[in-house]
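Below: the structure, in structure tokens.
Naming convention: chains lettered A, B, ... in sequence-line order (proteins, then strands); numbering from 1 in each chain. Source: prediction; values computed, not measured.
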Amino acid sequence: MALPRHVVDPNGHVLNEEERTYHESFMREAIGMAELALQTDETPVGCVFVKDGEIIGRGMNATNRTLNGTRHAEFIALAEILSKHPISILQETDLYVTVEPCVMCASALRQYHIRAVYFGCWNDRFGGTGGVLTIHSDPSVDKPYPVYGGIFREEAILLLRKFYVQENEKAPEPKQKKTRELKTEILPLEMVNPDQKAKKLKGAKKENVPVTTTVFAAKETVTVSTVTSTLKEIVAVDTTISTAKIFQQEKPNDQNPGGSTVSVALESS
Amino acid sequence: MLPDSCPPKGRLLPLKTRDELRAALETIDVYAVEVPARFADKVLNIFRTTYPDLFTNNFQHIRRVAKFSFLPPHIQSNFSSLPDLWEEVEGLSDEIVDEDAEQKEKKRVELRYVITTSTSSLPTRDLLQLLATNPPFTGLRIQPQVFTVPIPALAPTSAEQAEQWSREYWPVSYRNTNPYGPHPALVGRNTAEIEDAAPIWLHLAEEVGEQVRAAGYGESVGCVITDGSGKPEELIAVAGDCRWRSPNGEPMPKEASGNVMAHCVQRAIAMVAKKRLRASGKDPETETLAHIYSDSPVTAMEETAYSVDNTPPNGYLCVDLDIYVSHEPCIMCSMAILHSRFRRCIIRRRMPLTGGLTAETPETQAKGDIYGGSRPAGLGCGMFWRPSELNWKFLAWELDTGVEKEVGIEDTLHA
Ligand SMILES: [Zn+2]
Ligand SMILES: [Zn+2]
């Protein structure tokens, strides 16, 4: 889907084609991993870790195969990286993942001192970098990391929808089948007051947040019916996916005295 | 440092939820009107008929009509009550005009304080006017006394809390319910079920932590997974921390956070998954890079628990299982417990700087521990019970031994 996109620096300067293409190329690789997951009946979430422009690890969700609810794409890729590299390499590494990291992965990434996280669509069920909690920036003993969302958001959502339709087709109950039709229309983004979203999601204001990720998001409910299979419970995302567009800002604070601002705005029209 | 040589003695304290703690912080200013006892209900009724919209159910936990003597001392001293004046006024009435001094003393006017509504919902002058034009104030030279008092905005979640609020704010009543967390009856039942064995499991968790530390594989943090749904209780998995264990299985230099994915909770969950694969006749060793997670036993104790086939073949993740952890799990591990659908979690010690389960924050603890005891402030995540935000919830306790034992690990460590 060719969409006008603007990646903007702190001064409102639109980043060049090359810089934009850079991030999109890795997200495309992550989507490839998610597609692979879909083919093997795993929740289609995929990721790649990138250091100096090179992919050093790939992962896709493996919770069904392993019967382990913690085998998320990020964990699979991290195992590959740690089998070849010292742990410290992660400090110079960025993650590209099709769905926002969950609370567990968001915390793991922070403890590993990941450099930055780029993701596709939001995870309203247990997202850890803004979707539900803000583990990447909450007060913690570890350094915060910046997150950028909304890169190939539509593609990421579509993959998840395909998965739910696919799972529904396997569901034994015929009454489930009437809702299995794949919806391909994805609602355009809407501007929402980020404070309202933050309040709605967290029920409380955040204080002393060293890195503020400002989210302009529209909540979209995917209407594909829920899956009856218990396997659905393992999945890393729910059918409710919030679509999002992000401005990422770093404010001056103790851990980041100078402060810096980088904004990424992905617009669909 | 060695763990106790025998299981710790103590009692299980249910962890407070975020909502409970936040509810406890909220107060609301209300009007309290001073009237002789026999007029209390009348005043309340007049208010109800005049302002039916303001007569909400929000004050069900508050004694709307309170005796002076039941009020907290600091409230009593703020109320410039006028018993003598009322005495005089009441004394003019026909009922007691002929009585002698002794009887009059017996009939001494009992005052009541009536909670009408919140100060934000009605201007004071409107309330004063309503009172002045109705009994007992009609035609009296005595002015209605209206006081502003703060009361807890929400219902108490325990009897102790109700008692404390009654001492601090206003007489409060407690109904055996908890809108901000698990129902007290449910908690009570579960506490009774696990309290005898919990110190033993926690002791085992500490022991395996000490073993992996001694082996150089990790920090002195450990956990035990049990199946408490049947009798006898089954030991399902035991795991210690392996963050300092290299991919080739050797101790490695302690740099930064080590291998985060090898925290004991992660390892134990992986062992349960592998036992389930084995029980369903599948090969548990198909993950080619599984050794990175240290998901196989590294101590004899771990091996003993792992080798027993006692997971039902049709089981699902960690549903119906309990997890005992020597230290409050970090946010990653707390979420792993949620993802795995555990039933109950019991911790030995809090980790205020890194723990994901407890809900206390400096803000909630600013006025001292509202539940008594001494629960330290932490990050306030309270991840075990956030049903409106996260996808699962479970019951959680800490073991209170009364003595603060040295933690044995850095307080900045992620357990
Ligand atoms: Zn995850
Ligand atoms: Zn942990």
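- A/Arg115 is linked by a side-chain hydrogen bond (donor to acceptor under 3.5 Å, both in side chains) to A/Asp94, counting only residues two or more places apart in sequence or in another chain.
- Between A/Arg65 and B/Glu287 there is no salt bridge, since none of the side-chain N atoms of the basic residue sits less than 4.0 Å from a carboxylate O of the acidic one.
- Rounding to the nearest 0.5 Å gives a distance of 9.5 Å between CG of B/Leu317 and OG1 of A/Thr70.
- The most heavy-atom pairs under 4.5 Å with chain A, out of B/Asn259, B/Leu390, B/Thr354, B/Ile269, come from B/Asn259.
- B/Arg243 places none of its side-chain heavy atoms less than 4.5 Å from the side chain of A/Gln111.
- When the shell of 6.0 Å around NZ of B/Lys254 is examined, it contains more than 12 heavy atoms from other residues, nucleotides or ligands.
- Proximity to chain B among residues 76-88 of chain A is limited to A/Ile76, A/Leu78, A/Ala79, A/Glu80, A/Leu82, A/Ser83, A/Ile87, judged by heavy-atom separations below 4.5 angstrom.
- The distance from atom CZ of A/Arg125 to atom CH2 of B/Trp392, rounded to the nearest 0.5 Å, is 10.5 Å.
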Original post:
Run the side-chain contact (heavy atoms from CB on, under 4.5 Å) check on A/Val103 and B/Ile331 step by step: do they pass?
Top reply: CA-CA 7 Å; A/Val103 171; B/Ile331 291 171; 3.7 Å; yes
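- Residue contact with chain A, scored on non-hydrogen atoms closer than 4.5 Å, involves the backbone and the side chain of B/Thr412 alike.
- Using a 4.5 Å cut-off between heavy atoms, B/Cys333 makes no contact with chain A at all.
- Heavy-atom pairs under 4.5 Å with chain A were tallied for B/Arg276, B/Glu255, B/Met252, B/Gln266; the largest tally goes to B/Gln266.
- B/Arg386 contributes atom CZ, which lies 14.5 Å from atom CZ of A/Phe126 (distance to the nearest 0.5 angstrom).
- You'll find the side chain of A/Arg110 stays beyond 4.5 Å of the side chain of B/His414, heavy atoms only.
- No donor-acceptor pair under 3.5 Å is formed between the side chain of B/Tyr316 and the backbone N or O of A/Leu67.
- For B/Asp19, the salt bridge (charged side-chain N to carboxylate O under 4.0 Å, His left out) test picks out B/Arg22, with sequence neighbours left out.
- Considering CE of B/Met332 and SG of A/Cys105, their distance stands at 9.5 Å, rounded to 0.5 Å.
- Under the side-chain hydrogen bond (donor to acceptor under 3.5 Å, both in side chains) criterion, B/Ser257 pairs with no residue at all, not counting sequence neighbours.
- Residue B/Asp283: no heavy atom, backbone or side chain, is found under 4.5 Å from chain A.
- Ring planes of B/His339 and A/His72: perpendicular class, angle over 60° (limits at 30 and 60°).
- Taking both residues in full, the closest heavy atoms of B/Met261 and A/Tyr112 are given as N-OH, 3.1 Å, listed atom of the first, atom of the second, then distance.
- Using a 4.5 Å cut-off between heavy atoms, B/Asn248 does not touch chain A at all.
- When each of B/Leu338, B/Val260, B/Leu277 is checked for heavy-atom pairs under 4.5 Å with chain A, B/Val260 comes out on top.
- Smallest separation of non-hydrogen atoms from A/Phe75 and B/Tyr293: O-OH, 3.0 Å.
- The CG atom of A/Asp142 lies 11.0 Å from the CG atom of B/Leu353; values are rounded to the nearest 0.5 Å.
- By number of non-hydrogen pairs under 4.5 angstrom with chain A, the leading residue of B/Leu289, B/Val272, B/Thr288 is B/Leu289.
- The contact between B/Leu379 and chain A is made entirely by side chain atoms (from C-beta outward), counting heavy-atom distances below 4.5 Å.
- Remark: B/Met335 CE to A/Cys102 SG distance equals 5.5 Å, nearest 0.5 Å.
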